[in-house]
Amino acid sequence: MIVQGKGGDPELHEVYEEIRALGLIEHLAELEAFGYTVIENALSPELTVSLRDIIVRVVRERSGRPLDLEHETDYSGQQFQPYLLFADPVFRHVVLNPRPLALVTYLLGRHCVLSSLGCHLKGPGGYGLVLHSDQANGVPQPFPAMSLVANCNYALTDYTMAAGALAVVPGSHCRYRQPTRAELRLDNPEAIAVEVPAGSAIVWHGATWHGSYPRQIPGLRVNLSTYFCRPYLLPQENYRDHLPEGYLDGADPRLARLLGTELAYGWTDDGPTKPFAPQHSWHA
């Protein structure tokens, strides 16, 4: 048993105790060993259906086209639907979902921020998404052992191979690099399909190789990607400068931090006005 505050980084002990209290020790071990873990029933059935229907509605409004969740054939391949956070109040509650957020906090520290919130909406056909690591876009190889980004991917419809499931290479986060041209193919024999029921959350280390298989059946695969990064990386979506008036009123203080309100950088002629995040971190 690890005793709170006895040696090492106190924040690490605090996060570990939170993970243990939430019954996530096995998931923590899977993250360390395989680079990903699955939390089934991370969302209630009611919330799963609500999120799914909201996303389909938003995409219908954005695209001006009808979409048939069960029988769709015209919406082909995968298209990313970004910037969903402000589309409905329910999304801010999902960002704070305690069990996935505890594992993300373990990977990135308490000062991590939400980088983007979107849906990889997938219809039948297409080529899938080749294997890759999320630690791209300027991060030199070899990657550091610590995770710089982390993803919590919620399955809002069942993930099966035929339905276009996530593909992952277990243990690839320990290779500290992107897959080579020969390794990135979805027929890589090391890749497996992560087949999980709707309502599950898949959390992975930023260096884990993953992609997704093409959907082979009619209908839509709907997910919600909650993507996080360390506070010294540039988030994909700018929330801090576009918060609707009153959005944080009465909200959990952690939400304000996740949306970048405590970031030290980004000043203009007023200079630095916010304190810097603590320098200590067990993964720094």
Side-chain angles (χ1 to χ4, degrees), residues 8-9 12 15-16 19 24-39 78 80 100-109 111-116 118 120 122 126-155 159 161 164-196 200-214 223 225-236 281-284:
D9 189 329
L12 172 59
V15 174
Y16 179 86
I19 286 172
L24 296 172
I25 293 299
E26 181 177 345
H27 296 282
L28 181 61
E30 291 175 348
L31 265 183
E32 289 286 352
F34 304 118
Y36 79 102
T37 189
V38 174
I39 306 174
Q78 177 173 293
F80 183 63
L101 186 58
L103 294 175
V104 168
T105 302
Y106 172 80
L107 290 172
L108 302 179
H111 290 268
C112 67
V113 296
L114 182 67
S115 182
S116 64
H120 301 89
K122 182 180 293 187
Y127 300 99
L129 181 62
V130 298
L131 298 171
H132 63 283
S133 156
D134 285 337
Q135 288 187 180
N137 299 327
V139 178
Q141 301 180 76
F143 298 146
M146 67 180 182
S147 189
L148 300 179
V149 297
N151 203 319
C152 172
N153 189 298
Y154 291 101
Y159 273 22
M161 174 70 88
L166 183 77
V168 69
V169 175
S172 54
H173 64 304
C174 294
R175 299 180 187 180
Y176 311 119
R177 61 175 175 83
Q178 292 285 359
T180 65
R181 187 178 297 273
E183 293 169 326
L184 58 76
R185 295 166 55 95
L186 290 174
D187 60 2
N188 183 329
E190 294 185 290
I192 62 171
V194 183
E195 298 185 287
V196 297
S200 301
I202 310 164
V203 181
W204 65 83
H205 187 290
T208 301
W209 300 357
H210 64 283
S212 68
Y213 295 101
N223 74 1
S225 172
T226 54
Y227 183 58
F228 301 83
C229 66
R230 287 183 177 267
Y232 47 77
L233 296 180
L234 186 65
Q236 292 177 329
S281 173
W282 63 92
H283 280 152

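The basis for the numbers below is simple: all heavy atoms, side chains too, and nothing from hydrogens, waters or symmetry mates.
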What pairs with [X] under side chain to side chain contact (heavy atoms under 4.5 Å, CB included), at least two apart in sequence or on another chain?
X: Leu148; result: Gln135, Val139, Pro144, Met146, Arg230, Tyr232, Leu233
X: Val113; result: Cys229, Pro235, Leu263
X: Val130; result: Leu184

Among Ser115, Ser116, Ser225, find the one that has a side-chain hydrogen bond (donor to acceptor under 3.5 Å, both in side chains) with Asn151. Ser225
List in chain and number order the residues that pass salt bridge (charged side-chain N to carboxylate O under 4.0 Å, His left out) with Glu30, two or more places apart in sequence or in another chain; answer none if no residue qualifies. none
Name all residues meeting the salt bridge (charged side-chain N to carboxylate O under 4.0 Å, His left out) criterion together with Glu195; count only those two or more places apart in sequence or in a different chain, and write none if there are none. none
Considering all heavy atoms of both residues, which atom of [X] and which atom of [Y] are nearest to each other, and what is their separation?
X: Pro214; Y: Leu186; value: CD-CD1, 4.2 Å
X: His27; Y: Val38; value: CE1-O, 2.8 Å
X: Ser147; Y: Leu108; value: O-CD2, 3.2 Å

For residues 167-174, dump all side-chain donor-acceptor pairs below 3.5 Å to protein atoms at least two apart in sequence or in another chain.
| residue | atom | partner | partner atom | Å |
| --- | --- | --- | --- | --- |
| Ser172 | OG | Val169 | O | 2.6 |
| Ser172 | OG | Trp209 | N | 2.8 |
| His173 | NE2 | Glu32 | O | 2.9 |

State the [atom1]-[atom2] distance between [X] and [Y], to the nearest 0.5 angstrom.
X: Asn223; Y: Ser200; atom1: CG; atom2: OG; answer: 12.5 Å
X: Thr105; Y: His111; atom1: OG1; atom2: NE2; answer: 11.0 Å
X: Glu183; Y: Arg177; atom1: CD; atom2: CZ; answer: 4.0 Å
X: Arg185; Y: Thr180; atom1: CZ; atom2: OG1; answer: 11.5 Å
X: Tyr36; Y: Ile202; atom1: OH; atom2: CD1; answer: 8.5 Å
X: Leu166; Y: Tyr213; atom1: CG; atom2: OH; answer: 9.0 Å

Do [X] and [Y] have side chains that get closer than 4.5 Å, going by heavy atoms?
X: Lys122; Y: Ser212; result: yes
X: Tyr159; Y: Asn153; result: yes
X: Val104; Y: Cys112; result: yes

Please check: side-chain N/O of [X] versus main-chain N/O of [Y], any donor-acceptor pairing under 3.5 Å?
X: Thr208; Y: Gly35; result: yes
X: Gln141; Y: Gln178; result: yes
X: His205; Y: Ala150; result: no
X: Thr37; Y: Leu31; result: no

Atom CZ of residue position Phe143 - does it have more than 12 heavy atoms of other residues, nucleotides or ligands inside 6.0 Å? yes
Worked verdict on Tyr16 versus Ile25 for side-chain contact (heavy atoms from CB on, under 4.5 Å): CA-CA 9 Å; Tyr16 179 86; Ile25 293 299; 3.8 Å; yes
Determine whether Trp204 and Asp134 satisfy the following criterion, side chain to side chain donor-acceptor pair (under 3.5 Å), listing intermediate values before the conclusion. CA-CA 10 Å; Trp204 65 83; Asp134 285 337; 3.2 Å; yes
Stepwise side-chain contact (heavy atoms from CB on, under 4.5 Å) check, Ile39 with Leu24: CA-CA 9 Å; Ile39 306 174; Leu24 296 172; 4.2 Å; yes
